[in-house]
Structure formats: C-alpha cells, structure tokens
There are 2 protein chains.
Amino acid sequence: MALTDYPQPSVTVDILIFTIRNNQLNVLLIKRKISPFKGAWAIPGGFVRIDESLEDAAIRELKEETGVEADYLEQLYTFGDVKRDPRGRVITVTYFALINSEKLKLKSSTDASEAKWFPIDKIPKLAFDHEKILKYALQRLRWKFEYTLVGFSLLPKKFTLSQLQKIYEIVFNKKFDKRNFRKKILSLGILKEEGIDKNVSHRPPMLYSLKKNVKNIVEIL
Amino acid sequence: MALTDYPQPSVTVDILIFTIRNNQLNVLLIKRKISPFKGAWAIPGGFVRIDESLEDAAIRELKEETGVEADYLEQLYTFGDVKRDPRGRVITVTYFALINSEKLKLKSSTDASEAKWFPIDKIPKLAFDHEKILKYALQRLRWKFEYTLVGFSLLPKKFTLSQLQKIYEIVFNKKFDKRNFRKKILSLGILKEEGIDKNVSHRPPMLYSLKKNVKNIVEIL
DNA sequence: ATGCCATATTGTAATTTATACATTTAGTTA
DNA sequence: TAACTAAATGTATAAATTACAATATGGCAT
C-alpha cells in the first residue's frame, strides 16, 4: 500500500568499511560490474529491503562483503541530491564500520570477488558521489577517534599501550609522544591491567583491557 | 523507471525547528489532523518530492510551517525502523533548524494553523517515534553549541556578550560565570567590536559581531 | 545636583591540564 | 656478556580552567 501517489525515491545503504592493514588505514571498495560506472571502484552497498531496518541492511551488506560482523558500526549521513545517480532518484543512507584487524585475516583472502582493500592515501577515482562520501567518512572517523573510544574496537580484547598508540598514529597520520600519550590514556581511568605478555623478544609489555561499561562519554587526546 | 522490482520504502523529511522564546528553548510541533495518531502532536514533516534534494525538502517544510528561512540547518539522522509508522514502511531523514528569535515575531502569530511552540521541558506525548527523535535532536543541539558557533545564529548580527551568554545558559540550562565566559569568548578572537549601544537605561554595552569567515572549527566553552 | 537602580566591565590567584624532552629497564639473541 | 629491541618512567614549563567581588557607566526619580 503506497502512502502517497507521487513517485518515490529508491533507498540504498552504502557502507564504509575501515580496518588497519599493514600499518595503514584501509577502506573496502568494490569494482562495479554493471553500468553506470562499469569497471569503476565504488563503496559497497545495496537496496534496503522492505522488511529490514537501515541498520540491519548495513549489517547484511557488511557480512556479504567481508563475511564478518563489525566491531563498530554507526550511521554516517544520508546523501540525497537529485542527480547523484544517473539512473534515477536514489537516496543513500551511509554507515561506517570498523573491523578489527585480527578477524580480518580470516576473511580478506577467502573471497575471490571484486572487493579490495585500499589504503586511504591511495584511493582510485570512485563512482557516483562516492569521493564526497568517503571524504566525509574520514572526517567523521578522525573526529570519533579524538572524542570517543571507538579506536579500541580495532584492537584485540587485551592490548598494549604501544598497540593503541600505533592505531592513533595511523588514523591521524602523525606521531605522538610516548610518555604523554600513556599519561593521557592512563589518566582516563578506563583501563584494567591484564598481566604481562611474555611472548616477545624484548622487555615484556603490560597488557590492558577496557574496563566494562566504559564505552562512551570519555574524551581522548 | 524503477531501479529494482522489490517494494521500496517511502521517504519523508522531518524537521526539528528550535528557537528561543521567553527565555526558553522551544521546538515547533504540529497537531495531527489525520490518523494514525490523530490529535497527537508531532514533528513537522512531509514526503520528499522526486525532484528535490533532501535539504530542499527540509527548507520547503520549514518555510511552510514558519514562513521564514532557517538561520541554521543541518541534517540530524535518518530513522528507518521497519515498524516506526503503522501505515507502512517509512524512512524519515530528520533535520534540525535554528531560527533567530527576532524573525520569529514576524510570523509566529500570523499562522492560525495547528503549529505551536513548546518549551523543551513541556513536551506533550508525541506521535510515532518522535520522542526518540526529539531527544536525539536535543543532544545534538547541545553538542553543537559546545563545540561550534551555531549559537550565534540565534542572535542578531550585532549583539552583546550578555545576550550570547544568556543563549548558552538557556540551552545548557545552567549559569556560567560572567567573567570566565567573556574571557573565553573573547580569547577565541572571533568577535569584532561594533560600537556601543546607547539605547539602554543602564551602563551601555559593547556590541559585537562575528568576524567574517569564522563559521566553523572553533571550540567554545 | 544627588542618590538610586540596573547592567556592564574588569583582574588575580590557585588549580588543572598540556607540552616538551631522554634515560633506564627487562627481556631475547648472537 | 655484549648488543639489540621495545617498554616504562619523571620533571619542569607553559597554557588553560576555575573560583571569586568590586567598580564603572549610564538612565531615572527626587
């Protein structure tokens, strides 16, 4: 039953899937197999089904492309310019996802499809308005790292302060002072010591985990 | 031409229109004249036309309800739960708008329709999932006041520091120290002196305006 | 002219937070 | 046991935040 007699736009969900690979921030892109923009790289996505929520659609797309679930997922922005898709009126609700590099190894090689990880400083020309969308997503990503704890979702449950610092350095593409970084993070009072990791051939580091119920609010850096 | 054979959701734009009236933060609501939720108050909105962008739709709705243009407008979030509208699948892209209290006087009495301003601490039961949406909007509003200069859009071009402080006190519902507030604002280096306002029956205040090209970036408070 | 009223304007000390910067420690490996 | 690797640590300075109260400038009433 249509709620209005007027023609309605189509609705898609596109998802920006970020991870860290080879000490670089990467985003997953797919190669378009059909026109328009056939052969061009694009942000993965698809139509929203009538019986699934937007978030469910994002989760489904994510799973289709990567085989795993996101360690962090949030809605990004809805792009709805009239001519953003040459085929007709298409509104796209975008999400961004973070995937922990550990899981990643399970999958990224498995799928022989047209999906590929791109370091964010080596992005090819993209289809539709996807360059604008990616740019927006990177802004939001950095903002989130600065003011929230999303960064921790890229780490295993137990991690060292050096690992954490590395992630921040990759995302912001700059070095931080080790002493100040540690001081800052520890002063937040959000970490729990988890014992020492002896499996290294140098001074063994302390492992930490995020305290329970610490997921929001806190400001970092 | 449909891009997919599957049934598609409908798309609406809802807009949260905020202003300051009687020293209180107010939001504009409309009384529903049809089922479902007939007689209940709701956030104003309507269907997106096939030939207008989402933002254009928001601007149109805003103008229909208030007769004026927003002093600030931004997309808020897109709500798309499957059962949020009992009539069928409706995705709503929400916007929030700020309207300067000066303009307001021109209009708010003019329109004899079912629209009404509500102080945000006296909101009635709302239709659909609109309570959730309003709550989200208030969070975002406060966040924006804290970290950006949107607050200035509620003031006339020339304003006093007391007026500015008042707006912040209303939005955050708390008092700020006068000396520290002024220190903070002035230290941002974003204000230009505009001479003294003699039309008061007490010590005349300095008028300020926002310097040109200062619209983003800066962090307040 | 004087005193009253209302709001605007101003400063300083104490505390907290941010920044800059180099050495020592604990383990492995040759 | 010497060399290597990454982990852990402290201190002085600067900058930002907080707490707090008296004086200034005009209009208005007498």
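Just so it is clear: chains get the letters A, B, ... in the order the sequence lines come, proteins before strands, and each one is counted from 1. Only a predicted model underlies this, so the values are computations on that prediction, with no experimental measurement involved.
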Looking at D:dA8, C:dT7, C:dC21, which one has an atom nearest to any side-chain atom of A:K178? D:dA8
Using a cut-off of 4.0 Å on non-hydrogen atoms, how would the nucleic acid contact of B:S162 be classed: base, sugar-phosphate, or nothing? sugar-phosphate
Length of the line joining B:H202:NE2 and D:dG27:P, which is rounded to integer Å: 11 Å
Taking atom CD of B:E69 as the centre, report whether more than 12 heavy atoms of other residues, nucleotides or ligands fall under 6.0 Å from it. no
Would A:D14 and A:T92 count as having a side-chain donor-acceptor pair, cut-off 3.5 Å? yes
Side chain of B:P204 - closest among D:dG26, D:dA8, C:dG11: D:dG26
When the distance from CZ of A:F176 to P of C:dT19 is rounded to whole Å, what number comes out? 10 Å
Flag, side chain of B:R142 to backbone of B:V171, donor-acceptor distance under 3.5 Å: yes
Tell me: CD of A:E169 to P of D:dA6, nearest whole Å? 14 Å
Hey, does the side chain of A:K184 come within less than 4.0 Å of C:dT17's phosphate (OP1/OP2), counting only N and O? no
Nearest whole angstrom, please: distance from the P of D:dA14 to the CG of A:N180. 16 Å
Toward the 5' end of DNA chain D, which comes first, B:I196 or B:R179, by nearest nucleotide? B:R179
Let me spell it out: for each of A:K183 and A:Y208, pick the nucleotide of DNA chain D with the closest heavy atom. Which residue's pick is nearer the 5' end? A:Y208
Return the nearest nucleotide to the side chain of A:P205; candidates are C:dG11, D:dA8, C:dC21. D:dA8
Tell me: CZ of B:F159 to P of C:dT7, nearest whole Å? 20 Å
Kindly indicate whether the side chain of A:R203 and the base of C:dT25 share any N or O donor-acceptor pair separated by less than 3.5 Å? yes
Exam field: side chain B:Y168 to backbone B:F145, donor-acceptor pair closer than 3.5 Å: yes
Measure from CG on B:D177 to P on D:dA16 and round the result to the nearest Å. 18 Å
Would you mind telling me which of B:L16, B:L29, B:T94, B:D129 makes a side-chain contact (heavy atoms from CB on, under 4.5 Å) with B:L134? B:L16
Round to the nearest Å and state the distance from B:F181 atom CZ to D:dC20 atom P. 19 Å
Length of the CE-C1' vector between B:M206 and D:dG26, whole Å: 15 Å
Could you check which of C:dT28, C:dT19, D:dG26 has an atom nearest any side-chain atom of A:S201? C:dT28
